[in-house]
2 protein chains.
Amino acid sequence: MSSRSAGRGEGRPTLEAVAALAGVGRGTVSRVVNGAAGVSPRARTAVEQAIAELGYVPNRAARSLATSRADAVALIIPETETRLASEPFFASIIRGVASELSETELQLLLILVSTERERRRLAGFLDGRRVDGVLMVSVHADDPVAELVESTGLPTVLGGRRSELEPLSYVNSDNLGGAWSAVRHLLGLGRRRVATITGPLDMEASCVRLEGYRRALEETGVAVEAGLIAHGDFSEESGERAMAELLVREPAVDAVFCASDLMAAGAMRALRQAGRRIPTDVAVVGFDDSPLARHTEPPMTTVRQPSEEMGRAMARLLLEEIAAPGRSHRQIILSTDLVVRESA
Amino acid sequence: MSSRSAGRGEGRPTLEAVAALAGVGRGTVSRVVNGAAGVSPRARTAVEQAIAELGYVPNRAARSLATSRADAVALIIPETETRLASEPFFASIIRGVASELSETELQLLLILVSTERERRRLAGFLDGRRVDGVLMVSVHADDPVAELVESTGLPTVLGGRRSELEPLSYVNSDNLGGAWSAVRHLLGLGRRRVATITGPLDMEASCVRLEGYRRALEETGVAVEAGLIAHGDFSEESGERAMAELLVREPAVDAVFCASDLMAAGAMRALRQAGRRIPTDVAVVGFDDSPLARHTEPPMTTVRQPSEEMGRAMARLLLEEIAAPGRSHRQIILSTDLVVRESA
DNA sequence: TCTTCGAATGGGAGCGCTCCCAACTTTCGA
DNA sequence: TCGAAAGTTGGGAGCGCTCCCATTCGAAGA
């Protein structure tokens, strides 16, 4: 009605315009738009018609301002370009999160943090209350980013945990069981000099996979030897290097369990260079079941972790946490399973 | 000053609170926060101190509402889960975009569109003016998503183009040159029965790569034979299938240029199954230089396209377009180069 | 027919920020 | 010494929505 808005020409239709056209008040339109109860069928119809006619779409900034909700969640990936691109794990997580979120009104903000600058920027961002919750994957033990997020008090769900007493909600895959079954498989094949290449030990997943390796060995009465344990950082190069070391240290090694497919691929390369046949001389098992595992020569036996489902579960948990902020934190463990191909 | 805000306890500090503490007006604080000129050094200092003391962070929703800017851009990926996870190309694009954007105040919204529902949701979203601009990759010729985006009139930059007369701004890699040099390399190796496995022909990149193949052949005086051209859809399976077909149709084939690494990996598998040695019997070249290319057996010769740089360039172009909406559209072509490994 | 109570409704009062203009200072040249 | 010009500053008026309360309208019960 105000001559002001009439004079502004091309502005998009507002709630007020819809109300005017439908011949009702703003409150009623708002109720209809938000699906609130207490609107007569007649009014509802009139409003819906007006909305359709005007092509009205609510202005989110205005809504956010009024409700102090952001209608968005952030997915934080504190990793380098290399890992992001080389590990399909992240893409799967993203996909899972996105698909779960697509059922809701929430937007997905992607935040990659690799430099110190980006970390500082993140701090300001989170304080600006631009998101209702945070998802974060690939958390290292003393990750300053994780601590930053935790300190904001925003609803948060991690993919993986920082330690056994992780205070935040998280979704994890059964790393222990996965590693255990991989090594059991190797032992079942009659291998007795079973080595392992671990991931970075400041990540809980790495430690737990190592623990699974240990337990499988112990259970079978095979001694755990320090010489059979080498360390990597999940990258292919580190796997290659670690395998080369193992070969020097323990020439009799006849199997190796790697904490990631990428490292397993590196290990396979090192083995090939050393003239060892896979799996005849040395059996290899990876972890992740990334697409890569099917391309190696021979195709890799590996532990599948349901990464897309992890993303979905993370999103679901976050939604719950946003809905009921008081509730205590929860965790979800997703099971893994061994995919037997030809490398072991 | 208002007793209201005093009574509200834990609300985050507002512009007004900063103004009160600094002993200046709202306008002055706003100017300082936004780096506008016309603030005396004294006032500026006082405001900065107050900001630091209060830990003030501007509320973005309020700013958006007042300025009708969203301070965010969307990256739309209209692809299936499979491609997203299996092609590191997307991850690199994301990384490039994110890193370029981290220099600015803009947020990155990631939108994956695979289902019809998601597409409809996207429409409402874009109309809601929740972003200042749109980035979109993997555009197919008659992509309804692209048309949707185009119809919104939002500043838009594509990764790849839909056709030669693409009206929107875009960043592309030199598909023609890349394919050309790959095939020239094969010919230089003395191969004469050079096949190609194309990508989906509703994508311009696929057509152009095929055109590069043709030209290289023609220039060298080698006839282009329909029988040597097989079609895939960028997936590994399609590459395997296409290679199998080729082997049946043209048993004498001695080289194959594949429009993606993934298809090349599939082709290699088919060759292996057929008992052909790579590259002795059949040389293979891929396209992308994805991490995968280094893992195949033998390591794959492929055309590198600078995907992260593509993401960066897209973001830069979009920033320009947002800053100067009137300007005519632009395009950037990034060069590709051949990475020679062992498969050719 | 009159009262009572719940359902439906309109619209004021913000949410926190930017924009812009009027007003106030300072600084200079005449 | 005075006025103009330039530099600063404060704060009103929104941006479009939600929240909430006062009001209105009906229908059911007495």
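Throughout, protein chains are lettered first and strands after them, A, B, ... in sequence-line order, and every chain is numbered starting at 1. Because the structure is predicted, anything quoted here is derived from the model rather than measured.
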Send over the distance from [X] [atom1] to [N] [atom2], rounded to a whole Å.
X	N	atom1	atom2	value
A/R42	D/dT24	CZ	P	18 Å
A/R26	C/dG12	CZ	C1'	8 Å
A/E16	C/dG11	CD	C1'	9 Å
B/R44	D/dT8	CZ	P	10 Å
A/N34	D/dC19	CG	C1'	11 Å
B/D71	C/dC17	CG	P	13 Å

Notebook entry, point to check: Charged N to carboxylate O below 4.0 Å: is that the case for A/D143 and A/R162?
Noted result: no
Margin query: Between the side chains of A/E103 and A/R312, is the shortest nitrogen-to-carboxylate-oxygen separation below 4.0 Å, so that they form an ion pair?
Written below: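 Salt bridge: no.
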Checklist line | Nearest-0.5 Å distance that lies between atom CE in A/M314 and atom CD1 in A/I93 | finding: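 Separation between the atoms: 6.0 Å.
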Item checked: Selected nucleotide, minimal atom distance to B/S40 side chain, candidates D/dT8, D/dC17, C/dG10 ->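 Nearest nucleotide to the side chain: D/dT8.
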Check: Which nucleotide in the set C/dC20, D/dT18, C/dT18 lies at the smallest distance from any side-chain heavy atom of B/R63?
Finding: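 So the nucleotide nearest the side chain must be C/dT18.
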Tell me what [X] touches on the nucleic acid: a base, only sugar-phosphate, or nothing, going by heavy atoms under 4.0 Å.
X	answer
B/V33	nothing
A/A19	nothing
A/T67	sugar-phosphate
A/R60	nothing
B/V24	sugar-phosphate
A/T28	sugar-phosphate
A/A43	sugar-phosphate

Margin query: Please identify which of these residues, B/E321, B/E320, B/R161, B/H329, meets the side chain to side chain donor-acceptor pair (under 3.5 Å) condition with B/S169.
Written below: B/E321
Checklist line | Quiz item: B/R12 side-chain donor-acceptor pair to C/dG16 base, under 3.5 Å | finding: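 No, the side chain and the base share no sub-3.5 Å donor-acceptor pair.
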Notebook entry, point to check: Any sub-3.5 Å donor-acceptor pair from A/R121's side-chain atoms to B/T104's backbone N or O?
Noted result: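 Flag set: sc A/R121 to bb B/T104 pair under 3.5 Å.
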